[in-house]
Amino acid sequence: SKKTQKLSDRATFTTLTFEIFTPFVMSRSRGDPNWLKPRGVEQRNEGLRWLREHRRASLGGASEQGIVYFADDDNTYSLQLFQEMRNTQKVSVWPVGLVGSMKYESPMVKGGKVVGFHTGWRPSRPFPIDMAGFAVSLHLILSHPDACFDGDAPQGFLESSLLHGLVTMDELEPRADNCTKVLVWHTRTEKPKMKREEALQAQGLGSDPAVEV
């Protein structure tokens with residue numbers, strides 16, 4: 001778009017543009033619900049492949065330094081988020097606002113460790129976390145050459161399909177004041193749906209009202 005081009009022209013950082021098409025078998029038909037098939041699998045995996053190909057040559061050196069984050073055009077970000085993820089050693093995590101029919105979804109932290117997840121849907125998933133809610137060190141990506149997103153993962157398990165091969169829950173690094181601050185939001189031009197939030201509130205398990213969304 002013209003706005004994207006203007007931003008790129010003003011940017012002081014280096015960008016690479018790829019055009020990766022979604023395979024026909026992974027494409028949704030007209031009228032299919034958004035959740036029917038995982039989205040962005042090929043594009044994210046191509047990004048991981050590129051990093052491994054172009055940063056592997058000097059493994060252990062400066063080319064191994066960096067953070068991998070899967071940003072999306074339907075999210076809004078606080079600039080503070082990128083400071084929070086800067087010192088990621090393995091996988092850092094934080095809350096995401098207005099997602100999953102909730103005020104927010106978030107890791108639950110005790111004593112500086114992630115002990116569970118505040119989510120309204122299938123909390124038994126290995127990593128019930130939104131794509132916008134974690135970052136991975138480049139070193140970890142390069143040292144696990146087979147880790148990728150599984151296009152055949154069940155609904156809601158796409159993030160887990162990558163993370164389970166990289167880290168355990170005990171190794172997750174909580175950010176944003178031990179996951180008490182929301183620094184990224186799913187933003188759409190419609191009123192957020194809160195059906196899971198309302199269901200949890202009816203059970204006395206709703207989102208913490210002290211967390212500003």
Side-chain angles (χ1 to χ4, degrees), residues 11-18 20 38 40-73 75-97 99 105-117 119 125-151 153 156-185:
T12 58
F13 49 82
T14 301
T15 62
L16 292 171
T17 301
F18 291 94
I20 310 298
V41 175
E42 293 294 323
Q43 291 81 1
R44 294 183 182 104
N45 283 340
E46 178 62 20
L48 294 174
R49 185 204 63 76
W50 188 93
L51 286 170
R52 287 165 175 144
E53 178 180 338
H54 291 270
R55 303 298 287 271
R56 182 186 300 158
S58 303
L59 192 63
S63 67
E64 195 178 353
Q65 298 175 8
I67 306 300
V68 180
Y69 182 58
F70 300 97
D72 208 340
D73 60 1
N75 295 337
T76 299
Y77 305 91
S78 165
L79 292 178
Q80 179 61 31
L81 177 67
F82 302 98
Q83 296 296 328
E84 294 284 334
M85 70 176 74
R86 185 179 294 275
N87 296 317
T88 299
Q89 300 301 304
K90 287 189 174 182
V91 177
S92 55
V93 293
W94 47 78
V96 178
V99 65
E105 291 185 337
S106 176
M108 296 187 296
V109 180
K110 288 185 178 180
K113 290 285 189 178
V114 174
V115 296
F117 295 87
T119 179
R125 287 173 289 161
F127 293 93
I129 188 172
D130 187 78
M131 194 71 68
F134 68 92
V136 185
S137 75
L138 178 59
H139 170 78
L140 195 64
I141 294 292
L142 297 179
S143 61
H144 291 74
D146 296 325
C148 64
F149 293 99
D150 181 4
F157 283 74
L158 187 61
E159 294 85 352
S160 295
S161 72
L162 172 73
L163 292 174
H164 83 90
L166 295 174
V167 73
T168 65
M169 186 168 71
D170 187 63
E171 294 173 312
L172 295 176
E173 304 157 37
R175 296 289 192 265
D177 283 356
N178 276 330
C179 297
T180 61
K181 292 183 178 179
V182 178
L183 301 174
V184 55
W185 302 261

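Along the sequence shown, the residues carry numbers beginning at 1. Scope of the values below: all heavy atoms of this structure, side chains included, with no hydrogens, waters or symmetry mates.
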Can you give me the closest heavy-atom contact between [X] and [Y], atom names plus distance?
X: Ser92; Y: Thr88; answer: OG-OG1, 2.7 Å
X: Cys179; Y: Pro95; answer: O-CG, 3.4 Å
X: Val68; Y: Leu51; answer: CG2-CD1, 3.7 Å
X: Ile129; Y: Phe117; answer: CB-CE2, 4.5 Å
X: Ala147; Y: Leu162; answer: C-CD1, 4.0 Å
X: Leu183; Y: Glu84; answer: CD1-CG, 3.7 Å

Sequence neighbours excluded, the answer for ring pair (Phe, Tyr, Trp, His ring centres under 6.0 Å) partners of Phe157 is none
Residues passing the ring pair (Phe, Tyr, Trp, His ring centres under 6.0 Å) test with Phe149, sequence neighbours excluded, are Phe70
Give, for atom [atom1] of [X] and atom [atom2] of [Y], the distance between the pair rounded to the nearest 0.5 Å.
X: Thr119; Y: Met108; atom1: OG1; atom2: CE; value: 10.0 Å
X: Leu140; Y: Gln89; atom1: CG; atom2: CD; value: 10.5 Å
X: Leu138; Y: Ile67; atom1: CG; atom2: CD1; value: 8.0 Å
X: Gln43; Y: Asp72; atom1: CD; atom2: CG; value: 10.5 Å
X: Leu81; Y: Trp185; atom1: CG; atom2: CH2; value: 8.5 Å
X: Leu166; Y: Ser143; atom1: CG; atom2: OG; value: 8.0 Å

Residues at least two apart in sequence or cross-chain that pass salt bridge (Lys or Arg N to Asp or Glu O under 4.0 Å) with Asp177, listed by chain then number, are Lys181
Across all chains, not counting sequence neighbours, the salt bridge (Lys or Arg N to Asp or Glu O under 4.0 Å) partners of Glu173 are Arg175
Short side-chain to backbone donor-acceptor contact, Arg52 and His144, under 3.5 Å | yes
So the side-chain hydrogen bond (donor to acceptor under 3.5 Å, both in side chains) pairs with at least one residue in residues 159-168 (sequence neighbours excluded) are Thr168-Glu171
Those residues at least two apart in sequence (or on a different chain) that pass side chain to side chain contact (heavy atoms under 4.5 Å, CB included) with Phe82 are Tyr69, Tyr77, Met85
